[in-house]
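Working notes, structure below.
Naming: A, B, ... by sequence-line order, numbering from 1 per chain.
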Amino acid sequence: MKQINTRSCVDSGGTADASGPVSGLATFIAIGVIVSAITWAVLVFSHARNDDAARRPVIRTAMNADELGGGTEVSWDTIEVKQFHDYANKQGWEDTELIVTRFVGADDTIKYIAGQIAGVSPDVIIASRDQISFFDAHNLIEPLDPYLEKWKDYRDGKFDASMLDACRGREGKILGIPVYQNSPNVYAIRADWLETLGLEAPETLEEAREVWRAFTFKDPDGNGKHDTCGYGVTMETRRGGHLYSLRPFMGAVRVTWYRIDDAGRYVPTFNTPEAAFVLDFIKSCVKEGLFGADVMVRPPGSVTRRFFAEDDLGMAGPFFVDWFANLANRYGMEDKVAFVPRLWKDTAARAANHYGTFTYLTRMRCLMRASPNKELAWRYLEYFFSQEWLSKYVSRRGLPFVRGRYLGQFGVFRSETPWRMVRHDVFPEVPLSEDVVAMVRPLEQYLQPTPMMTQWSQVSVELAETFVDYYLDRYDSAAEALEVAEVRFNRIVHGSGTGR
Amino acid sequence: MVRAPVVESIHAGSLLLTRQRKIILFGLVSAVVFIGAVVCPAWWILRRHAQAHAAFNAATAAYMMYDVEKARQMFSKMARDYDDLSIGALADLKAAFLIYDEQGDLNEAERLFKRFLKDHPETLMHLPQTPDNFEYHGELQLVAWYFLGRIAEDHGREEEAYRWFTSITDAGSRNPANYIVSEARAIVARRQRVGGHP
């Protein structure tokens, strides 16, 4: 080929000799210019797109792993991103992007902090009371009051003020918004065992002890074995689980664990003769074996699971009626169990209407102070707590993943029916039984608020250890155990042995 | 007569006659037969099951995204496309359930559940093929009986409803954690307690 071309150039008489290299160079330059132009255009275009993407408002949310549902291939992230996108379009926020991050593992708090240190902190988090109080103590959380006050729905009184009051931190600011509040706690009892033994449901602690004795020693399930016990208590101390078991009884005598004084200090409130009465009551039941002979050595486990699945407990608590129906249904126990709304300390307390109880809020959604654009991040909360979304959340068979279960179980599965929603204008589609509501509603007058406390997870472990030690005769009296517990409380919270 | 080179070679014993070549040829033929007779059908069956599950999950996803009508259509389609698989029959029940539960069309739901029983006269089991605790596992006819009981109840035909529910409790299930049976037991017990049924 080369030879032919050379010959051709020579034969053309020199003209081609002169124009050939020139035109070749021009072509080369032209092609170079075109290629360069295209390359630059592509680079500039893609840079512009990236720049545009970088400028696009992004809200990052993070949730604990256990917020996620299971049993379906549709991830919660996908669903929430889609729902937010639909809502944002209606609000004219089309360009706002939502990114949902899951923290998988035990201690989500550390991961939130690590995210902040790494500069990739989420704007919005879903957090427990313990987490929120920790963030509050370290000034990491953004109070929501100014955002709420700008929101018409809030100004119009659509939100439950008392529920939001329970979300206030050290300085009285609202730190997060829960979805709903559980019912006041109640007990559950084996109605079929009561019937078998010809007993009535107890109303006082002493009556309860009599019933527990029968459940423990009179073979209520009729199998000829000594394999039942009266009441389910956990003695687990590693996470302070025993205090959860103890709380309904302390509530009955109106004992709380702590309060915040006028100076903003946490003051222990449990070192009282009433609390000593409860510890003595529990200890005597332990000694009688009414919680099971192995109560002290039983591995940590759910009393709820034993009550429903293992079928060996006569009574258990605390329960919240909003999820109890679902559990009873799931285990086929609906017709075997009944509620005991309260156990008075004694007949005198009943006559004096002296009682206390407690409840819980769902996890709260909060704004992080480190968020680079908090006004933007607020849009997520406005979306999540809008009437539209919350209505879907509770009225249309519950959360999307709960809906998945509902469909999976042909509607026989019942999702948790919220007791009291954070918004007044949102109602669950499947209401609680009117009988149950009529029985439990009067308990609301006895609710005792519990302020958030950063060190509660540590304190609860120490208190649980002290009380279990008392049941094991390591203290001479309940009063001595309570004294020690108070010292331990103050050492953690105030760094000293003296609290008051 | 001039023979073709291959035939000549065979006659000369140069092809297929050595032991080593026989083994190779036998191995090749066996592999082809095995792939054709076992692997391909198994692969086809597995692929079909995977497609059916993907279609089922997509329909469930549509329901979870609040798109009920789309979900119903997808369940109906997969019931037709996979009518030889238990998951196809399950999808048929889901479509009927959505007519009952979401649309509240009792007559249409009743027709669909009865058609299901007619289409599946023999006991049809749906067994777990994925680790899913929230999907129904057990005899599929029980689901149709249960909803025919519910529909009869909704229509005020109490005796008929009771018969459907007792049919379920009498039949029981090979799945000890069958919640349809558990629910039917609770209904029967409640009716015996308050409704005067024996």
[X] [atom1]: over 12 foreign heavy atoms closer than 6.0 Å:
| X | atom1 | result |
| --- | --- | --- |
| A:His85 | NE2 | no |
| B:Glu108 | CD | yes |
| B:Arg174 | CZ | no |
| A:Glu94 | CD | yes |

Item to complete: For the residue pair A:Tyr406 and B:Tyr63, categorise the inter-ring angle as parallel (less than 30°), tilted (30 to 60°) or perpendicular (more than 60°).
Response: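 Rings of A:Tyr406 and B:Tyr63: parallel, as their planes differ by under 30°.
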Worksheet item: What residues of residues 74-91 of chain B sit under 4.5 Å from chain A when only non-hydrogen atoms are counted?
Response: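 B:Phe75, B:Leu90 fall under the 4.5 Å cut-off.
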Practice prompt. Run the numbers on B:Tyr146 and A:Val412 for side-chain contact (heavy atoms from CB on, under 4.5 Å), then give the verdict.
Written response: CA-CA 10 Å; B:Tyr146 173 77; A:Val412 174; 4.0 Å; yes
Chain A contact via [X] - side chain, backbone, both or neither, heavy atoms under 4.5 Å:
| X | value |
| --- | --- |
| B:Leu93 | both |
| B:Phe97 | side chain |
| B:Tyr100 | neither |
| B:Val181 | neither |

Discussion item. So, taking the atom named CD in A:Gln409 and the one named CD in B:Glu183, what distance separates them when rounded to the nearest 0.5 Å?
Written reply: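 A:Gln409 CD to B:Glu183 CD: 10.5 Å, rounded to 0.5 Å.
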Worksheet item: For A:Leu407, does its backbone N or O pair with a side-chain atom of B:Lys94 as donor and acceptor, under 3.5 Å?
Response: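 The answer is yes, because a donor-acceptor pair under 3.5 Å joins these two groups.
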Worksheet item: Side chains of B:Thr60 and A:Arg403: does their closest heavy-atom pair fall under 4.5 Å?
Response: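 No, side chains not in contact.
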Discussion item. Tell me the closest heavy-atom pair linking B:Met65 and A:Gln83, and the distance in Å.
Written reply: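 That closest heavy-atom pairing would be O-NE2, 4.0 Å.
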